[in-house]
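Notes follow the structure.
Because the structure is a prediction, the values reported are computed rather than measured. Throughout, residue positions are numbered sequentially from 1 according to the sequence presented.
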Amino acid sequence: MIAKFYNCAPAGDPGRKEQLPRELRALVKSGPRVLGLCEAIGYDLPELEGYTLIRDTSRPGRANIAAYVEKQGRDLTDVRWHDLDQTWSRTEHPGTHPARSWLEFFLDGDQFIIGHQPPKGTDNVLASQREGVELVVDLMAPWITHGNGRGKNRRRMALADWNRRRYEF
C-alpha cells in the first residue's frame, strides 16, 4: 500500500499558489492510493486525474487538511471530520489560532487518518498536541468497528505533520 503525505506550506506567497499544482501532480505519478495534505488552507486545490479530492472548507481546521484518494476500483466510505477544541496563541501575528480538525475515511476497508498537529513553542502546546494524539489513539483502537466492521483486523494508517520528533514529549 503506497500512501504519501505532503505539507503544502502556507499559501501567502503568490508563486507558491502557482507551484503547488505541479508538485501535487508529481507526487501522484507513482500512483499512491492516498495523498494526504496539510497547510491546504488558502489554496484552490486542482483536480488530479484518477483521484477524488476530499475537502471541506467550512471551518479553518478542516480547510487545513485534504486528501486525494485513488478512484479506480476503490471503495471510499465513512468520510468523517473530527473537530478538536484546543486553541493557542498565534506565533506569526497576534490572535488565537483556530482548533485543528482531522480527516478519517476508509478505502477498501483500510482506515486512513489525515491531520496536522499544532506547532511546538506555543502557549498551549502540550494540551493541544495531546488532544490530537488522543484522537488518533481512539480512532485506531482495535475494538472500534466502524468502517467495514473489521475491528482489530483492519489496516490503519495515520498521516500527519506531527510537529514533533520521536521521543520529544
Side-chain angles (χ1 to χ4, degrees), residues 1-84 86-108 110-125 128-129 131-132 135-136 157-166 168:
M1 169 181 3
I2 298 174
K4 296 181 179 182
F5 184 80
Y6 189 63
N7 184 320
C8 298
D13 175 11
R16 184 81 198 113
K17 288 186 177 187
E18 294 173 16
Q19 178 64 22
L20 182 67
R22 290 190 289 270
E23 292 172 353
L24 295 175
R25 282 190 288 279
L27 284 164
V28 299
K29 278 192 176 183
S30 64
R33 286 176 60 197
V34 172
L35 172 60
L37 306 176
C38 75
E39 295 284 6
I41 195 166
Y43 288 106
D44 292 325
L45 296 177
E47 293 294 321
L48 297 178
E49 186 177 337
Y51 286 85
T52 298
L53 175 62
I54 302 173
R55 186 154 201 213
D56 179 344
T57 58
S58 66
R59 56 188 297 157
R62 292 181 181 194
N64 183 49
I65 301 298
Y68 287 97
V69 178
E70 192 177 45
K71 284 182 187 178
Q72 188 168 347
R74 301 291 182 203
D75 181 26
L76 174 63
T77 60
D78 295 317
V79 176
R80 294 179 221 185
W81 290 92
H82 302 277
D83 301 319
L84 302 182
Q86 295 291 322
T87 61
W88 59 93
S89 296
R90 288 192 172 275
T91 56
E92 71 282 8
H93 56 74
T96 301
H97 195 289
R100 297 283 197 208
S101 297
W102 288 69
L103 170 61
E104 177 190 26
F105 58 89
F106 289 79
L107 186 62
D108 297 336
D110 298 333
Q111 180 185 32
F112 289 87
I113 302 165
I114 313 293
H116 188 193
Q117 282 285 71
K120 297 185 302 183
T122 64
D123 58 351
N124 192 23
V125 65
S128 61
Q129 287 197 347
E131 184 181 35
L135 172 71
V136 172
M157 186 172 292
L159 305 168
D161 179 344
W162 299 101
N163 274 315
R164 289 280 174 171
R165 288 185 228 136
R166 291 186 301 190
E168 218 173 24

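Interatomic distance, T87 OG1 to E131 CD, rounded to the nearest 0.5 Å: 9.5 Å. One finds the CG atom of L135 at 7.0 Å from the CD1 atom of I113 (value rounded to the nearest 0.5 Å). Note that the CG atom of L107 and the CG atom of D78 stand 11.5 Å from one another [nearest 0.5 Å]. If you take CG on D56 and CZ on R80, they are separated by 15.0 Å, rounding to the nearest 0.5 Å.
Within the 3.5 Å criterion, the main-chain N or O of H116 finds a donor-acceptor partner in the side chain of R100. A distance-only check finds a donor-acceptor pair linking the side chain of D123 to the backbone of S89 [under 3.5 Å].
Under the rule for a ring-ring contact (aromatic ring centres under 6.0 Å, His included), W81 has no partner lying at least two apart in sequence or in another chain. With sequence neighbours excluded, the residues satisfying ring-ring contact (aromatic ring centres under 6.0 Å, His included) with F112 are F105.
By the 6.0 Å contact criterion, CD on E92 is enclosed, its count of non-hydrogen atoms from other residues, nucleotides or ligands being greater than 12.
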What pairs of donor and acceptor atoms, side-chain ones from residues 34-44 against any protein atom, are under 3.5 angstrom apart with sequence neighbours left out?
{"from": "Y43", "atom 1": "OH", "to": "C8", "atom 2": "O", "distance (Å)": "3.3"}
{"from": "Y43", "atom 1": "OH", "to": "A9", "atom 2": "O", "distance (Å)": "2.7"}
{"from": "Y43", "atom 1": "OH", "to": "P10", "atom 2": "O", "distance (Å)": "3.4"}

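For the residue pair Q19 and R22, a side-chain donor N or O sits within less than 3.5 Å of a side-chain acceptor on the partner.
Between W102 and H82, a ring centre-to-centre spacing not shorter than 6.0 Å is recorded.
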